[in-house]
Engineer: 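Just dropping this structure here.
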Amino acid sequence: CISSAASDVYKRQHQFLSILTLVEGANAAKVSQVSAVMKHLAHYGLPIPNPRLSQDDQGHPDLQGKPTLLMVKLPGEHLNTVSPEHCRQLGAMLARLHTISTAYPEPIKNAFDSAWMDQALRDVSPHLSETEIALLHTTIDRYQALESSNLPQGLIHGDLFKDNILFKDNVLVGVLDFFHIGQDLWLMDLAIALNDWCMDQQFQTMPAHATAMLEGYHAQRPLELEEQQALNDLLHQLAPALSKKSEAMASDPMSRIEYCMTLVKSEASLAASLIADCAPQGRPMLAQAQQTLKSLESLQRLGKTAIKT
């Protein structure tokens, strides 16, 4: 676990507010590695607190036998209400993090890979039903298939929930908590963020938020066609609420059609961005989205006519 305390630190008669973090448990062994990654990303301009070393540059001093991190406190607050523009900024920042991290020289093992998932499932299985165990086995199998694919990989943050992002005056000013960082599919980072930032309080997807995040990401690092296809599988794995929403709309065909139209419009918007970047997959993707949208509009008109009669 990690415990933090804000404290006033004085140096040469100048006051600045800092965060002193006492790192415990399994994370204690990661302090030097995490600190190095944070310094690398901060050096390239990402809004990340730059850890301070001891005066003799010998690393991070221990406090009562536990390593510490001392960082200047960043401005901003965690968001309670999220807008599509917030999601767009998060997507852009995440894409920059992925591209900048490619210059980091040291590999970092993913501590939460499929082997960890298998062990975690064995540990908790006595407390789960057979249905829950089967669902988790299916989820792990899906992840293993993606894990062994040729999809782009690199360092991921791995924990981009709202409580690890700071905004000030609606501008993203801080990214926190890098103790989940490791080598994994870049799509995993994106799927985790979509799952947390683009769901409402009823755990239903917010298409405008998801579209904005994907557009923000794409503007900095265009997704490959294979990534776009795999993202749907990841979202199904990480956000079962999406499929639950579809089931709930089954009794209301008109709502289902409108929801599908929103998703297809998002796909068309992404395809248009690909075309603007001269990506070859953009035009067929846009043509397919336009054809699907035309069919959905026909169904919508037919449904409205049926309701009137």
Engineer: Are Leu97 and Tyr44 joined in one hydrophobic group, where the rule is that I, L, V, M, F, W and Y side chains link up if heavy atoms are under 4.5 Å apart?
Structural biologist: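 Shared cluster, yes.
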Engineer: Grouping I, L, V, M, F, W and Y whenever their side-chain heavy atoms are under 4.5 Å apart, do Leu214 and Met206 come out in a common cluster?
Structural biologist: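 Leu214 and Met206: separate clusters.
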Engineer: Report the C-alpha separation of Thr21 and Phe179 in whole Å, then their side-chain angles, then the decisive distance to 0.1 Å, and conclude whether the side chain to side chain contact (heavy atoms under 4.5 Å, CB included) test is met.
Structural biologist: CA-CA 12 Å; Thr21 302; Phe179 280 90; 5.6 Å; no
Engineer: By ring-ring contact (aromatic ring centres under 6.0 Å, His included), which residues pair with His86, not counting sequence neighbours?
Structural biologist: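 Testing His86 for ring-ring contact (aromatic ring centres under 6.0 Å, His included), a comparison that skips the adjacent residues, returns Phe167.
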Engineer: When clusters are formed by joining ILVMFWY residues with side-chain heavy atoms under 4.5 Å apart, either directly or through shared neighbours, do Leu155 and Tyr143 land in the same one?
Structural biologist: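 The answer is yes; both residues are in one hydrophobic cluster.
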Engineer: Can you confirm whether Glu130 is buried at CD, in the sense that more than 12 heavy atoms of other residues, nucleotides or ligands lie under 6.0 Å from that atom?
Structural biologist: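 Open: at most 12 neighbouring heavy atoms sit under 6.0 Å from CD of Glu130.
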Engineer: Taking atom CD of Glu85 as the centre, report whether more than 12 heavy atoms of other residues, nucleotides or ligands fall under 6.0 Å from it.
Structural biologist: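 Yes.
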Engineer: Give the intermediate values and the outcome of side chain to side chain contact (heavy atoms under 4.5 Å, CB included) for residues Thr99 and Gln220.
Structural biologist: CA-CA 9 Å; Thr99 54; Gln220 299 293 325; over 6 Å; no
Engineer: Linking I/L/V/M/F/W/Y whenever their side-chain heavy atoms sit closer than 4.5 Å, directly or via other members, would Leu46 and Leu160 fall into one cluster?
Structural biologist: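 Yes, because Leu46 and Leu160 connect within a single hydrophobic cluster, where side-chain heavy atoms sit under 4.5 Å apart.
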Engineer: Report the relative orientation of the aromatic rings in His157 and Phe178; use parallel for angles under 30°, tilted for 30 to 60°, perpendicular for over 60°.
Structural biologist: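 Plane angle over 60°, so perpendicular.
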Engineer: Measure the spacing between CD1 of Ile48 and CG of Asp177 and express it to the nearest 0.5 Å.
Structural biologist: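 These two atoms lie 11.5 Å from each other.
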Engineer: Please list, chain by chain and in numerical order, all residues satisfying ring-ring contact (aromatic ring centres under 6.0 Å, His included) with Phe112, sequence neighbours excluded.
Structural biologist: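 Counting only residues at least two positions away or on another chain, Phe112 forms a ring-ring contact (aromatic ring centres under 6.0 Å, His included) with Trp116, His180.
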Engineer: More than 12 non-hydrogen atoms from neighbouring residues, nucleotides or ligands closer than 6.0 Å to CG on Asn150, yes or no?
Structural biologist: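 Count not over threshold, so no.
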Engineer: Walk me through it: do Leu187 and Glu226 pass the test side chain to side chain contact (heavy atoms under 4.5 Å, CB included)?
Structural biologist: CA-CA 11 Å; Leu187 274 187; Glu226 292 78 9; over 6 Å; no
Engineer: Could you go step by step and tell me if Gln228 and Leu225 meet the side chain to side chain contact (heavy atoms under 4.5 Å, CB included) rule?
Structural biologist: CA-CA 5 Å; Gln228 296 168 26; Leu225 180 60; 4.0 Å; yes
Engineer: State, yes or no, whether a side-chain contact exists between Ile108 and Gln183 at a heavy-atom distance under 4.5 Å.
Structural biologist: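 No - every pair of side-chain heavy atoms lies 4.5 Å or more apart.
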Engineer: Say whether, by atom type as modelled, one donor and one acceptor occur between the side chain of Lys162 and the main chain of Asp196 under 3.5 angstrom.
Structural biologist: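 Flag set: sc Lys162 to bb Asp196 pair under 3.5 Å.
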Engineer: If you define the side chain from C-beta out and look only at heavy atoms, does anything of Pro49 sit under 4.5 Å from Leu176?
Structural biologist: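 Sidechains of Leu176 and Pro49: in contact.
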Engineer: For residues Leu41 and Val175, determine if any side-chain heavy atom of one lies less than 4.5 Å from a side-chain heavy atom of the other.
Structural biologist: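 No, side chains not in contact.
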Engineer: Linking I/L/V/M/F/W/Y whenever any side-chain heavy atoms sit under 4.5 Å apart, do Leu74 and Leu94 land together?
Structural biologist: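 Unlinked, Leu74 and Leu94 end up in two clusters.
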